[in-house]
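So the structure is just underneath, and the comments pick up after that.
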2 protein chains.
Amino acid sequence: MVSIKDIAKQAGVSISTVSYALNNSPKVTLETKTRILAVAKELNYVPNAAARQLKKQESLIIGAFLTDFSGAFYGDLLQGMKEVVNRKGYDLIVCSGKQSHRLLPERMIDGAIILDSAFSDEELLEYADRGHRLVVLDRELRHDNINQVLLDNKAGANLAMDYLIENGHRKLYIVCGPPDSYDSRQRLTAVRQTLDRHPEVEAVFLEGDFNKASGEAAGKKILSELSGEPPGVFCLNDEMAIGLFQTVQDHGKGIGVDLSLVGFDNIDLTRYLSPRLATIEYSKHRWGAMASQQLLQMISGEQVEHERIYVSLVEGESVRPRGAES
Amino acid sequence: MVSIKDIAKQAGVSISTVSYALNNSPKVTLETKTRILAVAKELNYVPNAAARQLKKQESLIIGAFLTDFSGAFYGDLLQGMKEVVNRKGYDLIVCSGKQSHRLLPERMIDGAIILDSAFSDEELLEYADRGHRLVVLDRELRHDNINQVLLDNKAGANLAMDYLIENGHRKLYIVCGPPDSYDSRQRLTAVRQTLDRHPEVEAVFLEGDFNKASGEAAGKKILSELSGEPPGVFCLNDEMAIGLFQTVQDHGKGIGVDLSLVGFDNIDLTRYLSPRLATIEYSKHRWGAMASQQLLQMISGEQVEHERIYVSLVEGESVRPRGAES
DNA sequence: ACCTTAAATCGAAACGTTTATATTAAACAA
DNA sequence: TTGTTTAATATAAACGTTTCGATTTAAGGT
């Protein structure tokens, strides 16, 4: 492996001079600098990341930790993260699975963005205590070395509920997410608040785990109870909504006809559905970019600028006005 | 930062003994080993990856390089890669973008799996010359340090074409992929071979770039030419097929009625289409697993076992029998 | 001419490991 | 006892950088 030492020998200078030249420090004269660079190129020199990292205690790498690589949801998010870190000379790597957690404490990365319930709060707090900088996207955690970029889940859930109610639905099904999910809990809290404001609305809560299958199960349940006025259904994420969507259609019933349906997240997939799925949208790209920005600000010691990720309602024919207006 | 040195001091032994103990070498006696481990735990010791890597010249990290993070396609593939490398004590990181290429020559990773046309053949060959181990999924490249896991593109394209022809279609549209894509070229070659065997079939080639938009464009073109017997359409990947699918439906025409459609890749999305899209399927999980396996075998100097990724036809109502049987 | 100052380069230590070799201590054989 | 072998531990070098402080060289001031 060709190292700085080889360049030094070849160019007839000391290794420190080579190092300065390669990092183009003003300490070295232009003439020697160009000579050294020429030699470096000639020898096909590539710096050794491990050595640099050992000495400088930084890797210029940011890690994004995800629950899985399934992606439909993550594409834009990761793209947003990547653009920001690249702009500052960092690289983004994506990791998944408990085994790769080690990259953080072993200092292989300069900071991490967490969207992975496989990390416990305690684990994250311990890393933070050790001095690692984190941005969490899936929980709230107070620590000097942790920041969070939060989605306005509550506003979203309110929008979804109001949309159904405004369209005249008086019987609502809520398909929940897993209880250990922060997003799910937030959304559910807002649902309850909306219901408190609307005592005239009857609500049924169905279990769910944010996966398609649980949406299908909920769909069957609802179909079996169908009678009278079409109910409104709010699935706490789109993936379940899609499962429910298809189950309903497979049973010969109509989305927007026999029931109204609203999802949450506006994942890409929904664009392929017909009729269009009403859902709650937000910029995943912005969410990722914001996370990266905060992380880099922490790392460089700057003041961290906080910003919420706002949500909005995407209307769709999966919801149609029913019954008496209130 | 607490290092091996601190443990040595605290435990009253030399740093080499600590190192041996932590790597539980048989050289150190059980008693001191347990004492050292106790001290390590007490001090919250975590090894420093950069230092270890610098000395051992290995990182136990494998990198997967993708064109983008969009993912619909990559989920299973990455999962397959990850399972295999994890089983051997390695970690998988996912990277995208030219900027992150540096991780390879700078020896941050022990090997790479490439599915990213942003790498030129020359670039990859140069890395291989430097001693880096690579597995390529999107091209053929001969080098001692490079292996490839190839999809049986040709068999797939043949299956697709034969399926359309067997169903009586005598006019076929082929929606191509980008000419710089290996997969696209392979599939196209097989298409031409099939056509050579079937002089009775008329074929029209339409441009495409593997993205949804180009499928839509092709769909419009085909719609404008619709007359007489319904044609068969083979989109060289599913993404374009979906674009075409929706364009046709949006224009009030029927998939499987006014034309037959076959895709390639069997991406998850197709499960959400109705009628079902006929397509060419293969195990992406297996593809990823095979890539990892080959890479690790190269790294450990074992004999590399090659295996093709076989494909099969998934029938769907997007194709229906037409015209006179041949 | 000599002293001072600045500019360019060098030497050496440090980052935290691993590992080959050396040392010490204990165990055994004669 | 004394020498020999083995087991346990220690010393030191190495991995490839960065960077502080030291040295050399040239230039400028008087």
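Letters go in sequence order (proteins before strands), and every chain restarts at 1. Because the structure is a prediction, the values reported are computed rather than measured.
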[X] [atom1] to [N] [atom2], straight-line distance once rounded to whole Å:
X     : N      : atom1 : atom2 : answer
B:Y20 : D:dT11 : OH    : P     : 13 Å
A:K5  : D:dT17 : NZ    : P     : 10 Å
B:K33 : D:dA8  : NZ    : C1'   : 13 Å
A:N23 : D:dC20 : CG    : C1'   : 15 Å

- Item | Contacts of B:H101 that satisfy ring-ring contact (aromatic ring centres under 6.0 Å, His included) - sequence neighbours left out | B:F119
So do [Y] and [X] actually touch side chain to side chain, heavy atoms under 4.5 Å?
X      : Y      : result
B:F69  : A:L92  : yes
B:E239 : B:F210 : no
B:L78  : B:V94  : yes
A:L141 : A:H143 : no
A:L295 : A:I62  : yes

Take atom [atom1] of [X] as the centre, draw a 6.0 Å sphere, and report whether it contains more than 12 heavy atoms from other residues, nucleotides or ligands.
X      : atom1 : value
B:D180 : CG    : yes
B:R286 : CZ    : no
A:K98  : NZ    : yes

- Message: Main chain of B:A289, side chain of B:S292: is a donor-acceptor contact present, judged purely on distance under 3.5 Å?
- Response: no
- NA contact type, B:T29, heavy-atom cut-off 4.0 Å: base, sugar-phosphate, or nothing? sugar-phosphate
- Item | Within residues 38-61 of chain B: residues closer than 4.0 Å to DNA chain D (heavy atoms) | B:L54, B:K55, B:Q57
- Students should find that the nucleotides of DNA chain C closing off the region near chain B, any atom under 4.0 angstrom from a heavy atom, are C:dG16 to C:dA20
- Message: Can you tell me which residue among B:Q303, B:Q293, B:R133 is in a side-chain contact (heavy atoms from CB on, under 4.5 Å) with B:M298?
- Response: B:R133
- Task: Write down the atom of B:D138, the atom of B:S117, and the distance for their closest heavy-atom approach.
- Result: OD2-N, 3.8 Å
- Task: Specify the residues of residues 7-17 of chain B, ordered by number, for which at least one heavy atom lies under 4.0 angstrom from an atom of DNA chain C.
- Result: B:I15, B:S16
- One would report the end-axis bend of the helix from C:dA1-D:dT30 to C:dA30-D:dT1, five pairs per end and rounded to 10 degrees, as 60°
Scan the side chains in residues 103-115 of chain B for donor-acceptor partners under 3.5 Å anywhere in the protein, sequence neighbours excluded, and list what turns up.
unit_1	atom_1	unit_2	atom_2	d
B:E106	OE1	B:R102	NH1	2.9
B:D110	OD1	B:S59	N	2.7
B:D110	OD1	B:S59	OG	3.1
B:D110	OD2	B:S59	N	3.0
B:D110	OD2	B:L60	N	2.6

